[in-house]
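The block underneath contains the structure these notes are about, expressed in structure tokens.
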Amino acid sequence: MTDHKLNQYLTEAKTDINYKSIDTLVMGNEAADLDSMASALAFAFTLSCSDRKKNIVPLMPIIRGDFKLRTEAAYVFDRAGIDLNSVIFLDDINLERLMKKVDGLALVDHNRLSAHCEPYRDKVSMILDHHKDEGLYPGAGTRVIEPVGSCATLVGEDLTRRCPELAKDPHLATLLWGTILLDTVNLAPDADRVTPKDEAVSNTLMTACSLDQDVYFRAIQKAKFDTKDLGTFDLLRKDYKEFRFNSNRCGIASALLPLVLWDKKDPELCLSFETYVKRRDLDVLISMNAYTDPEFSRDLAVYCADPAEHGKLITFLQEKGLALKEIHLDSQKPCLEGKTAFYRQGNLAISRKKLSPMLDDYFAG
Ligand SMILES: [Mn+2]
């Protein structure tokens, strides 16, 4: 660990936030996926290496406890030997107080501030991103917005210009290369994500890693779908969106495992759903479970706080063509007086993006 320059930098940056003013705070997007987090760390490290006098700090815009939910990020960070204690998460700081000491904001992997950061729009000084350019923050001095497969590619390109010796750092390369591989589906042309620039940067980084491309990619991909360390609450909040439809609060989780497997992990699944609903004060909780076993499949779990609502909602969803077929899970007793039920979803085309407007219709009627 002694020769881990990235960790040394992160440890220093974390200590310094308590004493020094911050020249640039580097932040990824709110979803905090691997690309966002890796890009923020690597870009902050690059800026710091290119000007040692500057105090550059990366911030992960999620709480520490949520990091493990991003199982692919946890895996790549681990392969890169990153000491998580040196990484700064949202609950390690007081954002409002910290921002008073921040001079410039560097946005990576997004080019529009999240709602809670909007008050700091005048501080945006740099943007490195691969999403659609929304044309905001014209005052930003550095503005690299290109539709490449991964923001990590732009960070990698930037570091070869700003600080060429960093491209040889095996830990940094492992972090960025893994991110590019995941985002471009292993640089596969048919996935329609990879660009010549992703390939070029990937080739540069690869030489600094002692890893086989296919083996590394498959391991990251496997980690992404690995739910063995996650309990029901983690599975529900991992990829979760909450909606308000005409005064009804509705949570829709997207999970990556079959309900039969979830039932084996948690024999008290119905009760766990009820606890989750009570904590979030929901009227309806839906879990959409998509997985490949061996064919692509979808399951649906529906919890309604009001049992009378359950039948009506299911009838409505059937009319909308979801083709639900009720399944009975081994360990679940008749579930909480008709509040919870589990289904196989025959219509594979209905994702959360399509389900939420349907629910909006339902509650409007
Ligand atoms: Mn991205």
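Remember, it's 1-based here, ligands and their atoms both numbered in the order they're listed.
One distance of note links CD1 of Ile62 with CZ of Arg70; it measures 4.0 Å at 0.5 Å rounding.
Taking the centre and axis of the six-membered ring of Tyr240, the NZ or CZ atom of Arg280 falls inside the cone set by 45° and 6.0 Å.
Among the backbone and side-chain atoms of Cys151, no N/O/S atom is found under 2.8 Å from the Mn ion (ligand 1). At least one N, O or S atom of Asp35 sits under 2.8 Å from the Mn ion (ligand 1). Taking backbone and side chain together, Asp109 holds an N, O or S atom under 2.8 Å from the Mn ion (ligand 1).
In this structure, Asp133 pairs ionically with Arg143, as a charged nitrogen and a carboxylate oxygen lie closer than 4.0 Å. A salt bridge is absent between Lys339 and Asp306: the closest approach of a Lys/Arg side-chain nitrogen to an acidic carboxylate oxygen does not fall below 4.0 angstrom.
The atom of His130 that is an N, O or S and sits closest to the Mn ion (ligand 1) is NE2.
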